[in-house]
Amino acid sequence: MQNDIVVEDVRKSYGKVQALKGVSLQAEAGKILGLLGPNGAGKTTLIRILTTLLKPDSGRATIAGIDVAKHPMRIRSLIGLAGQYPAVDEMLTGRENLVMVGQLYHFSRKASKERAQELLEQFSLTDAADRTVKTYSGGMRRRLDLAASIVARPAVLFLDEPTTGLDPRTRNDLWEFIRQLVDDGTTLLLTTQQLEEADNLADWITVIDHGEVIAAGTSETLKSQLGQDVLELQISNRSYIPQVQTLLESIGRETPHVDTATGRFSVVVPHGTQSLLEAVRVLDQQSIAIADIALRRPTLDEVFLSITSASEN
Amino acid sequence: MAQQVITQSKVVPAAQYRDPSLMQSLWWNVTDALIITRRNLTYYVRLPQLLVFSTIQPVMFLLLFAYVFGGAIQTQNGNYINFLLPGIIVQTAMFGGSVAAVGLAEDLKKGLIDRFRSLPMARSAVLAGRTLADTVRNIFVVLLMIGVGHIIGFRFQNGFLNAVAAVVLVIAFGHVFSWIFAFIGMMVKDPETAQVAGFIWVFPLVFASSIFVPTETMPELLQIFAENQPVSIVANVVRGLMIGTPHDSVWLAIAWLTGIYVIFVPLSVWQYRRSAN
C-alpha cells in the first residue's frame, strides 16, 4: 500500500466558473507538497475534493491508493484537515475541542483524553488547555486547529494556507510544528500564496493558476526553470545611474530593475560568473565605483511572477 | 516517483482502514450524535445568560397572554389560563427549535461543519446532536412554564398519565419541528438570515391556530386552515390530554409528526452532505 496522493485530470465547475480545468499532481509519501498559487487559483477546491468535502465533476483522485470519491469514509479515517480559518469551537476549551475530535474518530474517551494531553504539550498549549478558545490569540487558535487535524495521527495531512494572517514570528513557530509532523512520517499537502512558505517547507512545489497546473518541481528546479542567475549591483555615486543602466542592459537578458533611491540594480544575466566579471570590467573602464556586487539565484517570487504572467499571455 | 514505506510507528498505515460495518455505522449514528449534543449543551453551561434570556422570553409570553389577553378572550369554560397553557407550551417548543437554524448556520460559517464533515463520523450526527440538545433545553423550558402556569392558576384536569402524555407529545413536536429549522439553517448558511428565515413560516402556523384563541371566530377560509394544520391538531390534542377538552385523534397528531420527521430528517442530512460550498 503506497502512501501517496495521486490526482488525475480532476475537473470541477461551479455553474459556469471552471475552478479546476483538469489538474494532475502527485505527492510522495512522507514529503511535503506545496500547492502554490494566487487567490482563486483553485487550491482550496482541490483540497476540498481530496478531503471528501466536494465531489469532482470528472477525473480521479486517490489517497494511499483509495479512491476519494468512492470510499469517502475510509479516506476520512486516513486524513487530517486544517482549513483556511481555524475550525475550533470557541465555547469549548482547547482540551475539550481535542477530546471531542478524538471521540468523533471513535477513540475511547480515555484514549481521546490522553491524546489531547499529548497534543496540548506538543503544541505548547498546556497553560491555556482549560480556557475557552474564545480567549485564545490567533496563533494559539491555529496551533489548536493544527493539533485537532492530527488527533488521529493521519497518514496524509492537508493544510489550507496554514499561516495566513499570522505575524512572522508566530508563522515561523508554526513552520517548526509543521516540519515536526513530517518527521513523524506524515505526507503533507500544503497550500500557500506565499512563495517563501513553499520555499521553506515544501519538498516539491506545484504551481497552480486559473485551475491549471502551470509548473511543478523542487524549489531549485523551478528557480532554474527561469534559467539564469540574477546579478545584483550597487553603485555609490547615484549620478551614474543612467550610464550603468545602459551598460547593464547590454550584459543582461532584460531591462535591469533599478532602485534609484539606493542605486541598486538587479538584472537577469545569461552567463553567470562570466557576466559578473564582464560587468566589473566595463564599470571599471568607466571608473564607476562598485559598492556591492553579487550573483544570486532568482527568488521564487521572480519565478512565480514570470510563470504566471506567461500563463496569462 | 520513489515509493517510501512508512516505517515510523507514529502514523497508522493506510492498509488498516476499513469501511465500518452496518452495525457499527448504526451505533455511531447514536454515539456521535450524543457527543455533539454534549458539545451544544456545553454552550448553556458556559453562557448561563443564554439560558436565562431564552427562558425569560417564553415565560413573559405566558404572563402577557394570560393577563393582557386573558380577560378579553372568551373560552368555553371561561378559564383562559387552562386554555392558554397547553397552547403556549406548544408554541414555546416550536420557537425553541429556531436555535437549531441559527446554531447550524453559525457552525457552517465558522468552518466547524467542514471539520465535522472531514471526520469519519456519522453524517446525521451534527444535525441530530443539534436537535437533541435543543430538545433537552425544551424539556427544561416546558416544565418551567408548567410550573409558572401552576402558580398563576393552571391546573391539570385529566389525570396524571394524560398530563405526562401531553408533555411527551409537546417535546416530540418540538423535536420534529427542530429538524425543519435544521434544514433551514443548512440551506441559508448565514446566522442572520437563518434567524429571519427560521421564523417566517412559523408565525402563520402559530397564530392561525388554536394555540391562543378558539378558531370559531376566524373567517371561514382561515378557520379551515387553522383547524387542519398540524400545530392546531397537536395543540388540541395536548389541551385535551391536559384539561379534557374534546380533541382530534392522538394518532392524527402522531401521523403528522411522523410525516414531517421522515421528510425532514433525510432532507436535512442530504443538505448537510452537500453543504460544502
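Numbered from 1 within each chain, the chains take letters A, B, ... in sequence-line order. In this text the structure is predicted, and so the values were computed from the model without any measurement. When reading the values below, keep in mind they use all heavy atoms of this one structure, side chains included, and skip hydrogens, waters and symmetry mates.
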Closest heavy-atom pair, B/Asp114 versus A/Leu53, reported as atoms and distance to 0.1 Å, is O-CD2, 3.6 Å
Honestly, the part of A/Ser149 sitting under 4.5 Å from a heavy atom of chain B is both
Worksheet item: So with a 6.0 Å cut-off around NZ of A/Lys113, is the heavy-atom count from everything else above 12?
Response: no
If one checks every heavy atom of A/Thr44 against chain B at 4.5 Å, the contacting part turns out to be neither
Okay, B/Leu47 and chain A: the region with an atom under 4.5 Å from a heavy atom over there is side chain
Review point. Are there more than 12 heavy atoms of other residues, nucleotides or ligands under 6.0 Å from atom OH of B/Tyr43?
Key: yes
**Message:** Within a 6.0 Å radius of atom CH2 on B/Trp201, are there more than 12 heavy atoms belonging to other residues, nucleotides or ligands?
**Reply:** yes
Check: B/Arg39 side chain, A/Met100 main-chain N or O, donor-acceptor pair, under 3.5 Å:
no
CZ of B/Arg115 to CG of A/Asn97, rounded to nearest 0.5 Å, is 8.5 Å
Between A/His106 and B/Met121, the two heavy atoms sitting closest are CE1-CA, 4.1 Å
Most contact-rich option vs chain B, by heavy-atom pairs under 4.5 angstrom, among A/Thr51, A/Thr45, A/Ile75, A/Leu81, is A/Leu81
So, the part of B/Thr42 with a heavy atom under 4.5 Å from chain A: the answer is side chain
So, the part of A/Pro86 with a heavy atom under 4.5 Å from chain B: the answer is backbone
The interface call for A/Val151 against chain B, heavy-atom contacts under 4.5 Å, is neither
For B/Arg117, is there any backbone N or O sitting under 3.5 Å from a side-chain donor or acceptor partner on A/Arg76? yes
By salt bridge (charged side-chain N to carboxylate O under 4.0 Å, His left out), B/Arg46 pairs with (sequence neighbours left out) A/Glu96
I'd like to check B/Trp28 versus A/Leu104 (side-chain heavy atoms, cut-off strictly below 4.5 Å). Are they in contact? no
Closest heavy-atom pair, B/Gly111 versus A/Ala87, reported as atoms and distance to 0.1 Å, is O-CB, 3.3 Å
Taking every heavy atom of B/Leu112 against every heavy atom of A/Val88, the minimum-distance pair comes out as CD2-C, 3.9 Å
